[in-house]
> 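For reference, the structure I am asking about is given below.
Side chains are part of it too, since the values below use all heavy atoms of this structure and drop only hydrogens, waters and symmetry mates. FYI, the numbering just counts along the sequence from 1.
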Amino acid sequence: MEIRPILSALLRSKVSMILIGLQVALTLAIVSNALFIVSERLERMQRPSGMNEADTFLFNSTGFGQGYDVKSAQQGDLQLLRGLPGVVDATSIISVPMSESGWSTGVSLQPRQATSTANTALYMVDAHGLSSYGLKLVEGRDFRPEEIGFRSMNDRNVPTTVIITRALAARLFPQGGALGKQVYYDNEGPPTTIIGIVDHLQTPWLDADFIDNSSLMPAYLPYGNVTRYLVRAEPGRRDEVMQGVEQAMIQANPSRIIGRVRTMEQVRADGYAGDRAMAIILGAVIVALLAITALGIVGMASFWGAQRTRQIGTRRALGATRWDILRYFHTENFIITTLGLVVGGVLAYALSLWLMREYQAPRLPWHYVPVGFACLWLLGQLAVLGPALRASRVPPALATRSV
């Protein structure tokens, strides 16, 4: 088919061609970047926390009354929880991954070091902590019961032993051999010995640049009269165990209030609620833009088909087949879409650079634009198919009718 007649016809309808081309260009630029952001958010939401999420839940116990002794209550609670049917283990905690709440500090290799070697989240646990979190110890040993002590919120004494994540070990000692080494969590205090390394445990903060750097310290640390517990149930029995925990705890000690029992799956859902909302909103924007672009192409092709009825009838009378008419419309649409996509490719990378500068977003991977090219080419051809089929059915007799 001759391209020159098609270009000549397009130049006679420059406004329509430019509008559709710009619409395609803007769609490519926005959809490419939006798809990348959605995929990045979905990937972020799938990040493993390192702990057993499917079988664990947590809750707060808040004591009241002058006779409430948090230390004895905590020891009794842990013994009670570990003895409940279906419970694998339980521990007292200050935080969990993805909760956006917890403690953090710097870790140094030398005393009174001016700048910390790494930042880390702090998890306070007892000798049942690794089991309750469902963590995998890859080197060293777990805490011993005699190493666990009660700490207050203002206690500055740092435990003498610590278990860290593999990521933190690699950050502190890139050459390896972190096990048994001494580090400093308090520049003015004594060193802390690394006695164990776990495979992975995420920090509570989803946007932390040290997301995989976590430290577990041996301590019972209630918040005044408030103690938070983490319970790991046998596989498949979590919901059953959750139902009986509140009643068992209140029966054991009525001088307290049991807070809302939450599963780790709920903690994950709450933590990533913003990412999920953004993915949904951008997904809706992508669908809307593609639909509007497709409708624009359909409207343009339908309008041009109506304008060219006599011209199409004349071509049919001169021997053009339905396939020739169909191919004409598809070629015309391909040319307009291609011109728009070329402009859109430039706009897509420009928009990515703007997002990087203004919002510290990651760079748009190169393959998103070619994939966008292919998708919008296909969308354009599908959108023009209906009007093209209607135009191809114009009978040759229309060419002989008077105006």
> Taking ring pair (Phe, Tyr, Trp, His ring centres under 6.0 Å) as the test, write out the residues that go with Y220, two or more places apart.
F150
> Quick one: do I281 and M278 satisfy side-chain contact (heavy atoms from CB on, under 4.5 Å)? Show the steps, please.
CA-CA 5 Å; I281 292 171; M278 178 176 287; 5.8 Å; no
> Ignoring hydrogens and geometry, is there a side-chain-to-backbone donor-acceptor pair from T338 to F334 under 3.5 Å?
yes
> To the nearest 0.5 Å, how far apart are CD in E40 and CG in L35?
13.0 Å
> Test your reading of the model: is there a side-chain donor-acceptor pair from D239 to the backbone of V241, 3.5 Å cut-off?
no
> Could you give the distance from CG (L341) to CG (L339), rounded to the nearest 0.5 Å?
9.0 Å
> Between T160 and P190, is there a side-chain heavy-atom distance shorter than 4.5 Å?
no
> Within the 3.5 Å criterion, strictly below it, is a donor on S95 or R228 matched to an acceptor on the partner's side chain?
no
> Residues in side chain to side chain contact (heavy atoms under 4.5 Å, CB included) with Y184, at least two apart?
S108, P111, P191
> Check this for me: does any side-chain nitrogen of one of R82 and D126 sit under 4.0 Å from a carboxylate oxygen of the other?
yes
> Who passes side chain to side chain contact (heavy atoms under 4.5 Å, CB included) against I250, sequence neighbours left out?
E246, I258
> Mind checking salt bridge (charged side-chain N to carboxylate O under 4.0 Å, His left out) for E240 and listing every partner two or more places apart, or none if nothing turns up?
R237
> Within the side chain of T192, is there an N or O that forms a donor-acceptor pair under 3.5 Å with the backbone of V162?
no
> Okay, side chain of T203, backbone of W205: is any donor-acceptor separation there less than 3.5 Å?
yes
> Using the rule given for side-chain contact (heavy atoms from CB on, under 4.5 Å), can you reason through L135 versus L216, listing the C-alpha separation, both sets of side-chain angles and the distance that settles it, and then say yes or no?
CA-CA 11 Å; L135 302 178; L216 296 103; 3.9 Å; yes
> Answer with yes or no after comparing the ring centroid distance for W366 and Y349 against a 6.0 Å cut-off, counting only values under it.
no
> May I have all residue pairs that pass salt bridge (Lys or Arg N to Asp or Glu O under 4.0 Å) and include part of residues 161-176, sequence neighbours excluded?
R166-D199
> Kindly state each residue pair satisfying side-chain hydrogen bond (donor to acceptor under 3.5 Å, both in side chains) with at least one member in residues 18-33, sequence neighbours excluded.
T27-T293
> Report the residues that fulfil ring pair (Phe, Tyr, Trp, His ring centres under 6.0 Å) with F373, sequence neighbours left out, ordered by chain and then residue number.
W377
> Applying side chain to side chain contact (heavy atoms under 4.5 Å, CB included), name anything that partners V70, two or more places apart in sequence or on another chain.
Y68, P222, N225, T227
> Would you say T120's side chain and N213's backbone share a donor-acceptor pair under 3.5 angstrom?
yes
> Taking Q113 for its side chain and L109 for its backbone only, find out whether a donor-acceptor pair lies under 3.5 Å.
yes
> Are any non-hydrogen side-chain atoms of F59 and M249 less than 4.5 angstrom apart?
yes
> For the pair F143 and I195, evaluate side-chain contact (heavy atoms from CB on, under 4.5 Å) and give the outcome as yes or no after the intermediate values.
CA-CA 8 Å; F143 296 121; I195 64 167; 3.6 Å; yes
> Working note: D270 + R276, criterion salt bridge (Lys or Arg N to Asp or Glu O under 4.0 Å); need CA distance, chi angles, decisive distance, verdict.
CA-CA 10 Å; D270 292 342; R276 186 167 54 254; 5.9 Å; no
> Under 3.5 Å, side chain of Q74 to main-chain N/O of K71, donor-acceptor pair present?
no
> Which is it for D212 and Q202 under the side-chain hydrogen bond (donor to acceptor under 3.5 Å, both in side chains) test, yes or no, and what are the steps along the way?
CA-CA 5 Å; D212 297 321; Q202 202 177 70; 5.2 Å; no
> Would the distance check show the side chain of R47 and the main-chain N or O of R44 forming a donor-acceptor pair, the cut-off being under 3.5 Å?
yes
> Given the rule in the side-chain contact (heavy atoms from CB on, under 4.5 Å) test, do L122 and M217 qualify, once you have shown the distances and angles that lead to the verdict?
CA-CA 7 Å; L122 295 179; M217 291 187 167; 4.0 Å; yes
> Do the non-hydrogen side-chain atoms of V38 and R41 ever get within less than 4.5 Å of each other?
no
> Return the NE2 to OG1 distance between H200 and T165, rounded to the nearest 0.5 Å.
8.0 Å
> Supply the atom-to-atom distance Q46 CD to D275 CG, rounded to the nearest 0.5 angstrom.
11.0 Å
> May I ask you to decide if A90's main-chain N or O and R232's side chain share a donor-acceptor pair within less than 3.5 Å?
no
> Name all residues meeting the side chain to side chain contact (heavy atoms under 4.5 Å, CB included) criterion together with E53; count only those two or more places apart in sequence or in a different chain, and write none if there are none.
S49, M51, M98, M264, R268
> Could you list all the ring-ring contact (aromatic ring centres under 6.0 Å, His included) pairs where at least one residue sits in residues 261-294, not counting sequence neighbours?
none
> Would you check if L364 and V369 make a side-chain contact, meaning some heavy-atom pair closer than 4.5 Å?
yes
> Which residue pairs satisfy the ring-ring contact (aromatic ring centres under 6.0 Å, His included) criterion with at least one member in residues 32-56, sequence neighbours excluded?
F36-Y368
> Treating S116 as the side-chain partner and N119 as the backbone partner, does any N or O pair qualify as donor plus acceptor under 3.5 Å?
no
> Just grab all the ring-ring contact (aromatic ring centres under 6.0 Å, His included) pairs involving residues 119-141, residues at least two apart or on different chains.
Y123-Y133
